[in-house]
Amino acid sequence: RPTLAFDNVVFGYEPDRTILKGLSFEVPAGSQVAIVGPSGAGKSTIARLVFRFYDPWSGRILIDGQDIREVTQVSLRSAIGIVPQDSVLFNDTIGYNIAYGRDGAGLAEVEQAARDAALMGLIERLPQGFDTEVGERGLKLSGGEKQRVAIARTLVKNPPILLLDEATSALDTRTEQEILATLHRVSSGRTSLSIAHRLSTIADADTIFVLNEGALAESGTHAELLRRDGL
Ligand code: ADP
Ligand code: ADP
């Protein structure tokens, strides 16, 4: 259970426009931290930097004190699992979608991940179960089921760090509540960073940071932030 930290990170996509203006925060090992902010604040940029789609202009991103620039792509990707807002599924079996890119994930691992993602309700529609090769291809799934497949796909690699990037914002309210409960359960025991634009979706976080125009404006628990400024 590693610690994830941003240390004075400065970054922009264009030379004359700084998006993250010296961002520092820590996700202590095993804790659930969330970053909330309006659209355009730089939230997804944080996720892109963690995955090294880009590197900071200055400052460092650290996993257990080590700069992620010194870590191989393979170990970075096994350390961090992302649940994005919209996951694209292949027109293939559910098992294949869960195991995709996870070399060596067998049926037992896929089933465990499906169970952890509360996907077992699908089983009556899957005569071949979660077999990766045999069975129903391109099964029509609801938005919530798709998101559960994405969660299972992330869990099958058993990442010690979870990054939730607006993981429920494409869902209707009721489905969102169900998926939030699942995410809360699978985050426990991991180091998790959740990025959101609504405070109501990160009520369970140990600490919430408010991001505004690329800088942290304030932090606290959900109750503290509500009390302070009625967000
Ligand atoms: P959020 O996730 O908080 O909505 P983003 O991190 O996606 O915000 O974007 C922050 C800012 O960076 C926005 O002003 C956005 O227009 C800009 N931006 C995002 N991606 C790019 C890009 N590839 N090139 C240039 N500007 C970008
Ligand atoms: P892998 O272990 O195969 O890299 P992951 O489940 O960690 O797969 O990530 C799935 C894919 O999503 C990867 O290709 C990763 O690069 C990509 N990804 C990373 N960050 C984001 C993001 N912020 N939004 C959407 N997709 C992302």
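Note that ligands are numbered from 1 as they come in the structure, with each ligand's atoms numbered from 1 the same way. Below, all heavy atoms of this structure are taken into account, side chains as well, without hydrogens, waters or symmetry copies.
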Novice: Got the closest protein heavy atom to atom 2 (O) of ligand 1, with its distance?
Specialist: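 Here the nearest protein heavy atom works out to S44 N, 2.8 Å.
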
Novice: List the atom pairs, donor and acceptor, that lie under 3.5 Å between side-chain atoms in residues 19-31 and the rest of the protein, sequence neighbours left out.
Specialist:
unit_1, atom_1, unit_2, atom_2, d
K21, NZ, E213, O, 3.0
S24, OG, N8, N, 2.7
S31, OG, P28, O, 2.9

Novice: Does ligand 1 have any atom that is closer than 4.0 Å to a heavy atom of E166?
Specialist: no

Novice: So for G12, does at least one of its heavy atoms come nearer than 4.0 angstrom to any atom of ligand 1?
Specialist: no

Novice: Return the residue, atom name and 0.1 Å-rounded distance of the protein heavy atom closest to atom 12 (O) of ligand 1.
Specialist: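 Of every protein heavy atom, I19 CD1, 3.3 Å lies nearest to atom 12 (O) of ligand 1.
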
Novice: Do you know the tightest heavy-atom contact between E109 and V156?
Specialist: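 Looking at all heavy atoms of both residues, the shortest contact is O-CG2, 3.7 Å.
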
Novice: Need the ligand 1 atom indices (1-based, order shown) with element for anything under 4.0 Å from a heavy-atom of P38.
Specialist: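 So the answer, numbered in order with elements, is 3 (O).
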
Novice: How many angstroms lie between atom CD1 of I208 and atom CG of L199, to the nearest 0.5 angstrom?
Specialist: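 Interatomic distance, I208 CD1 to L199 CG, rounded to 0.5 Å: 5.0 Å.
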
Novice: May I ask you to identify the nearest protein heavy atom to atom 16 (O) of ligand 1, giving residue, atom name and distance to one decimal place in Å?
Specialist: R17 NH1, 4.2 Å

Novice: Apply side-chain hydrogen bond (donor to acceptor under 3.5 Å, both in side chains) to H222 and list each qualifying residue two or more places apart in sequence or on a separate chain.
Specialist: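 None.
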
Novice: Side chain to side chain donor-acceptor pair (under 3.5 Å) between T182 and R148: does it pass, once the steps are laid out?
Specialist: CA-CA 9 Å; T182 299; R148 291 188 188 282; 2.7 Å; yes

Novice: In terms of residue, atom name and distance, what is the protein heavy atom nearest to atom 10 (C) of ligand 1?
Specialist: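 It is G40 O, 3.4 Å.
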
Novice: Which ligand 1 atoms does R48 reach within 4.0 Å, using its non-hydrogen atoms?
Specialist: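 Per the distance check, 7 (O), 19 (C), 20 (N).
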
Novice: Taking 4.0 Å as the limit for heavy-atom contacts, which would you say applies to H197 with ligand 1: side chain only, backbone only, both, or neither?
Specialist: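 Looking at H197 and ligand 1, no heavy atom falls under 4.0 Å.
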
Novice: Below 4.0 angstrom, counting only protein heavy atoms, does anything approach atom 25 (C) of ligand 1?
Specialist: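 At least one protein heavy atom is under 4.0 Å away.
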
Novice: Show the atoms of ligand 1 that are less than 4.0 angstrom away from any heavy atom in K43.
Specialist: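 Per the distance check, 1 (P), 2 (O), 3 (O), 4 (O), 6 (O), 8 (O).
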
Novice: Within the 4.0 Å heavy-atom shell around E14, which atoms of ligand 1 are there?
Specialist: 25 (C)

Novice: Quick one: look up the protein heavy atom nearest atom 8 (O) of ligand 1 and list residue, atom name and how far away it is.
Specialist: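 For atom 8 (O) of ligand 1, the nearest protein heavy atom is G42 N, 3.2 Å.
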
Novice: How are the rings of Y13 and F11 set relative to one another: parallel (under 30°), tilted (30 to 60°) or perpendicular (over 60°)?
Specialist: perpendicular

Novice: Which option out of F53, Y13, Y54 puts a heavy atom nearest to atom 20 (N) of ligand 1?
Specialist: Y13

Novice: Among all protein non-hydrogen atoms, which one is nearest to atom 5 (P) of ligand 1, and what is the separation to 0.1 Å?
Specialist: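 Result: T45 OG1, 3.6 Å.
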
Novice: Charged N to carboxylate O under 4.0 angstrom, R174 versus D172?
Specialist: no

Novice: Looking only at heavy atoms, which two atoms of E111 and M120 are closest? And how far apart?
Specialist: O-SD, 4.3 Å

Novice: Could you tell me whether the side chain of R190 and the main chain of P159 form a donor-acceptor pair under 3.5 Å?
Specialist: yes

Novice: Does E133 CD have over 12 foreign heavy atoms under 6.0 Å away?
Specialist: no

